[in-house]
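Just the heavy atoms: all of them, side chains too, but no hydrogens, waters or symmetry mates, feed the values below. The structure displayed is predicted, hence computed values, not measured ones. We name chains A, B, ... by the order of the sequence lines, and we start the count at 1 in each one.
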2 protein chains.
Amino acid sequence: MKDVAQIAGVSVSTVSRVINNNIPVDKETRLKVEEAIRQLRYKPNLLAKGLRLRSGGIIGLVVPEIIHQTFVNFIHYVEESVVDSGFELILGNTHGDPEKEERFIDSLIRRNVDGIIFSRVSDQSRVLNILEKTNIPIVIIDRFLENENIPSIVLDNYKAGLLAGQHLVQYHHRKIACITGPLNIALSRERLKGFKAALSEAGAILPDDFIYEGDFKFESGLAAVEKFLSDEIEMTAIWAQNDMMAIGALKVLNQHGIQVPEDISLMGMDNISSSEMITPALTTITQPFQEMCQKAVNVIINRKGKKELAPSRIVLEPSLIIRDSTCPLLRESVC
Amino acid sequence: MKDVAQIAGVSVSTVSRVINNNIPVDKETRLKVEEAIRQLRYKPNLLAKGLRLRSGGIIGLVVPEIIHQTFVNFIHYVEESVVDSGFELILGNTHGDPEKEERFIDSLIRRNVDGIIFSRVSDQSRVLNILEKTNIPIVIIDRFLENENIPSIVLDNYKAGLLAGQHLVQYHHRKIACITGPLNIALSRERLKGFKAALSEAGAILPDDFIYEGDFKFESGLAAVEKFLSDEIEMTAIWAQNDMMAIGALKVLNQHGIQVPEDISLMGMDNISSSEMITPALTTITQPFQEMCQKAVNVIINRKGKKELAPSRIVLEPSLIIRDSTCPLLRESVC
DNA sequence: TTGTAAGCGTTATCAT
DNA sequence: ATGATAACGCTTACAA
């Protein structure tokens with residue numbers, strides 16, 4: 001920068017003004033400076049700028065896992081929004097470990113990040129307390145926090161369950177099994193609640209042995225159906241609370257020669273890419289990932305500078321995608 | 001830092017020495033300083049450090065795409081290695097656009113990054129030239145560059161083709177179709193070359209109409225089989241150069257009532273997670289992603305500081321995973 | 001409109 | 001072993 005100033009025959013402050021062009025600079029001097037910049041291939045250093053401005057030009061994204069479609073979606077769309085807003089993205093994988101969470105957050109703070117987006121903070125983590133002391137904008141995505149006054153972006157999971165239930169009920173199913181996520185996670189409970197509501201609205205009930213508590217992984221989809229079958233549960237449809245488990249369920253149904261959707265209708269949730277690639281393509285519930293991520297970044301950018309955080313909870317809507325894995329239940333059981 | 005020094009009754013330089021503990025400090029002073037640090041909850045600022053040291057503590061990862069299993073693997077394992085080595089990861093998605101590549105690289109440079117890992121630079125990009133002028137360690141992953149003396153980590157794609165071919169040949173297949181990636185990409189050509197070599201070793205040939213040039217996407221798997229079938233190609237096996245296309249192929253085969261593997265054996269490559277979830281589980285070729293990423297980070301760390309880059313090409317080996325989608329071809333055509 | 005100079009928070013050199 | 005100080009490269013009062 002000094003060199004640029006020298007060559008252009010001006011002072012460094014003028015160079016700075018040209019670069020940031022927030023303060024009026026004479027046209028001619030500007031041209032001289034720009035020429036010098038080109039000539040020297042000068043690139044302003046971002047660390048120096050960040051140090052001075054107390055703003056690193058960086059947004060941190062914290063995920064508990066990377067190889068998992070949901071988080072891949074977050075990474076993808078958050079990166080997009082972050083870059084669109086002129087920042088860069090630092091990515092950290094915590095493996096759900098509070099200690100790693102803390103270490104990562106710590107270094108983000110020390111980098112003067114402009115904001116932090118968390119997806120699924122672990123409950124035991126102290127990071128939120130740590131962060132409340134700083135005034136770094138922060139937003140939680142995809143995770144409902146009871147008592148925190150921290151902005152968050154969540155899906156209406158009750159609605160998701162409702163949509164799933166309504167779809168199956170509308171197809172005349174009454175004996176429906178459900179494979180849930182871990183029930184100590186609020187989102188699984190919400191989905192289940194909505195699902196039950198849809199059934200009971202149609203006069204159907206969901207007995208306990210029609211519910212299998214999975215963990216959102218493929219294997220628990222397998223296990224769920226094994227269990228249903230060995231218990232001789234008579235069901236005409238299954239809803240798995242995510243596609244991964246639905247795909248597991250499908251695998252076991254196939255193995256037992258049970259046709260989907262002819263014998264049993266099956267639906268999932270998330271609309272992961274495999275869900276439309278498998279046969280039959282999966283009926284599913286989709287989440288507005290892109291919108292969630294954009295809002296998350298916006299919350300951060302809007303809150304920048306403002307001392308007081310206006311804690312907000314933005315709730316977004318899921319929607320139904322009907323494909324080939326569900327079909328109306330007929331007397332003749334023909335699709 | 002000044003505050004810490006004040007409270008501990010020492011100078012800032014001493015505080016610095018305590019923190020970095022590279023230079024001997026009296027035990028007692030050290031304790032005093034550490035106490036002061038705790039008391040003030042002092043966290044050294046990484047931007048200032050990076051500015052001073054010309055080393056941002058950051059490694060950049062450049063990918064052309066995020067929602068794609070291969071790059072998800074890279075992101076996952078690179079993040080892991082980067083963090084293990086005490087750095088942080090900045091992630092940039094270029095969408096294969098040379099201009100975005102350039103912008104991203106530019107800001108990495110301006111952040112004094114300690115290294116850059118590229119997966120699949122676009123050929124037209126000028127970034128490599130730009131980077132050659134700096135002495136930022138850089139390594140290319142998963143992409144063979146002809147004339148560059150830049151370190152790279154690649155898979156032995158010829159070997160991958162060979163393995164695929166040998167497996168099918170060993171199962172007595174002779175009429176085998178192949179769905180390739182874009183043939184303007186070296187890696188697709190290498191795979192094809194290896195594949196052909198395996199076939200011809202067994203006295204089989206691969207006629208041109210048994211080859212379909214895809215683009216590694218699901219849809220091109222669909223299109224390929226449609227083409228084969230409408231051309232009435234008589235094949236007993238298909239190799240798709242990645243799992244995505246194999247899954248597409250499977251879908252169309254299913255739609256036409258063709259059983260895999262009873263009627264046609266099918267194999268893919270990459271070992272993406274869906275490949276073992278679908279029915280039948282896909283026989284595939286797997287890449288040592290974790291090792292590739294670790295090596296990439298190591299190359300960067302080893303090269304740091306050294307002026308002269310020792311251009312290296314590290315070649316890693318693929319391996320075969322036999323699952324349910326391929327079976328030996330028998331006279332009776334029973335599996 | 002432009003220049004001067006202080007300061008952002010470190011580390012490294014040089015004395016002591 | 002420790003302290004004073006310059007420097008890293010930028011922005012921004014303040015002065016001119």
Side-chain angles (χ1 to χ4, degrees), chain A residues 1-34 36-37 40-58 86 106-114 134-136 304-305, chain B residues 1-34 36-37 40-58 86 106-114 134-136 304-305:
Chain A
M1 184 151 166
K2 241 187 286 182
D3 302 343
V4 174
Q6 178 136 30
I7 293 209
V10 298
S11 74
V12 285
S13 28
T14 303
V15 176
S16 172
R17 286 171 192 130
V18 168
I19 289 168
N20 296 305
N21 82 67
N22 25 356
I23 285 165
V25 169
D26 190 82
K27 253 212 162 95
E28 247 180 85
T29 24
R30 145 158 289 132
L31 286 175
K32 278 191 300 183
V33 171
E34 281 167 347
I37 288 178
L40 293 177
R41 284 200 181 72
Y42 163 72
K43 317 236 182 239
N45 182 296
L46 291 174
L47 296 188
K49 176 171 183 165
L51 177 60
R52 178 65 228 244
L53 259 42
R54 293 186 158 65
S55 150
I58 285 185
D106 200 64
S107 50
L108 290 181
I109 296 174
R110 295 167 56 191
R111 279 190 197 287
N112 298 358
V113 288
D114 299 282
T134 77
N135 69 337
I136 296 178
K304 262 197 62 182
Chain B
M1 183 150 167
K2 241 189 280 181
D3 302 342
V4 173
Q6 178 136 29
I7 292 210
V10 298
S11 75
V12 285
S13 12
T14 304
V15 176
S16 173
R17 287 173 193 131
V18 168
I19 289 168
N20 297 305
N21 85 67
N22 26 357
I23 285 164
V25 170
D26 191 80
K27 253 213 163 90
E28 249 180 85
T29 25
R30 148 157 287 136
L31 286 175
K32 277 192 299 185
V33 171
E34 280 167 349
I37 288 178
L40 292 177
R41 284 202 182 70
Y42 163 72
K43 317 237 182 239
N45 183 296
L46 291 173
L47 295 188
K49 178 173 182 163
L51 177 60
R52 180 64 231 242
L53 259 43
R54 293 187 156 65
S55 149
I58 285 183
D106 200 63
S107 49
L108 289 180
I109 296 173
R110 295 168 55 192
R111 278 187 199 289
N112 298 1
V113 289
D114 299 282
T134 79
N135 68 337
I136 296 178
K304 262 195 62 183

K.L.:
In terms of side-chain heavy atoms of B:Y42, which of C:dG3, D:dC10, C:dT10 is nearest?
P.N.:
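The closest nucleotide is C:dT10.
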K.L.:
Please report the closest heavy-atom contact between B:L47 and A:L51, naming both atoms and the distance.
P.N.:
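Reported closest heavy-atom pair: CD1-N, 3.7 Å.
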K.L.:
To the nearest Å, give me how far apart CG (B:N22) and P (D:dA1) are.
P.N.:
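Rounding to the nearest Å, CG of B:N22 and P of D:dA1 are 13 Å apart.
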K.L.:
For C:dA12, does the base pair up with any side-chain atom of B:S16 as donor and acceptor (N or O, under 3.5 Å, distance only)?
P.N.:
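Looking at the base of C:dA12, it does not pair with any donor or acceptor on the side chain of B:S16 (distance under 3.5 Å).
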K.L.:
Can B:E28 and B:K32 be counted as an ion pair, charged N to O under 4.0 angstrom?
P.N.:
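The answer is no: the pair does not qualify as a salt bridge.
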K.L.:
Rounded to the nearest Å, what distance is computed from the CG atom of residue A:L47 to the P atom of nucleotide C:dT10?
P.N.:
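Going from CG in A:L47 over to P in C:dT10 covers 14 Å.
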K.L.:
Heavy atoms within less than 4.0 Å of DNA chain D: which residues of residues 23-34 of chain A have one? Give them sorted by number.
P.N.:
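DNA chain D contact set from residues 23-34 of chain A: none.
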K.L.:
Could you check A:V15 against A:K2 and say which one's nearest nucleotide on DNA chain D is further toward the 5' end?
P.N.:
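It is A:K2 whose nearest nucleotide is closer to the 5' end.
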K.L.:
Looking for any heavy atom pair under 4.0 Å, which part of the strands does B:R17 touch: base, sugar-phosphate only, or nothing?
P.N.:
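The answer is base, as B:R17 lies within the cut-off (heavy atoms under 4.0 Å) of a base atom.
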K.L.:
What's the CG-C1' distance between A:D3 and D:dA7, to the nearest Å?
P.N.:
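Computing the A:D3:CG to D:dA7:C1' distance gives 15 Å.
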K.L.:
Pick base, sugar-phosphate or nothing for B:T14, based on heavy-atom distances below 4.0 Å to the nucleic acid.
P.N.:
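Since only primed, P, OP1 and OP2 atoms lie under 4.0 Å of B:T14, the category is sugar-phosphate.
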K.L.:
Is there, by distance only and without an angle test, a donor paired with an acceptor across the side chain of A:S13 and the base of C:dT4 below 3.5 Å?
P.N.:
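Present.
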K.L.:
Without decimals, in angstroms, what is the distance between B:N21 CG and D:dT2 C1'?
P.N.:
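Rounded to whole Å, this separation is 16 Å.
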K.L.:
For a quick test of reading the model, state the closest non-hydrogen atom pair linking A:V12 to A:A5 and the distance between them.
P.N.:
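Result for this residue pair: N-CB, 3.7 Å.
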K.L.:
Looking at B:N20, I'd like to know whether one of its side-chain N or O atoms comes within less than 4.0 Å of OP1 or OP2 on C:dT11.
P.N.:
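B:N20 to C:dT11 OP1/OP2: side-chain N or O found under 4.0 Å.
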K.L.:
Please report, rounded to the nearest Å, how far the P atom of D:dC8 is from the CG atom of A:L46.
P.N.:
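Taking CG of A:L46 and P of D:dC8, I get 18 Å after rounding.
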K.L.:
A:L53 has a side chain; which of C:dT10, D:dT11, C:dA12 sits nearest to it?
P.N.:
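My answer, after comparing the listed nucleotides, is D:dT11.
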K.L.:
Would the distance check show the side chain of A:R110 and the main-chain N or O of B:L46 forming a donor-acceptor pair, the cut-off being under 3.5 Å?
P.N.:
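No, the answer is negative, given that no donor and acceptor are paired below the 3.5 Å cut-off.
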K.L.:
Nearest whole Å is fine: how far is C:dG9 C1' from A:R52 CZ?
P.N.:
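Roughly 12 Å, once rounded to whole Å.
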K.L.:
Just to be sure I understand the rule, does B:L51 reach a base, reach only the sugar-phosphate, or reach nothing, if contact means heavy atoms closer than 4.0 Å?
P.N.:
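Here B:L51 touches the bases of the nucleic acid.
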K.L.:
Nearest heavy-atom pair of B:M1 and B:V15: which atoms, and what distance?
P.N.:
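Reported closest heavy-atom pair: CG-CG1, 4.1 Å.
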K.L.:
Is A:V4 close to A:V18 at the side-chain level, that is, under 4.5 Å between some pair of heavy atoms?
P.N.:
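A side-chain contact is absent here, since even the closest heavy-atom pair is not under 4.5 Å.
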K.L.:
Take atom NZ of B:K49 and atom C1' of D:dA7, then tell me their distance rounded to the nearest Å.
P.N.:
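So the NZ-C1' distance, B:K49 to D:dA7, works out to 17 Å.
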K.L.:
So, does A:N20 use its side chain to make a donor-acceptor pair with the main chain of A:N22 at under 3.5 Å?
P.N.:
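The answer is no, because no donor-acceptor pair under 3.5 Å joins these two groups.
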K.L.:
For B:M1 and D:dA7, what is the distance between atoms CE and P respectively, to the nearest whole Å?
P.N.:
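Going from B:M1 (CE) to D:dA7 (P), I get 18 Å.
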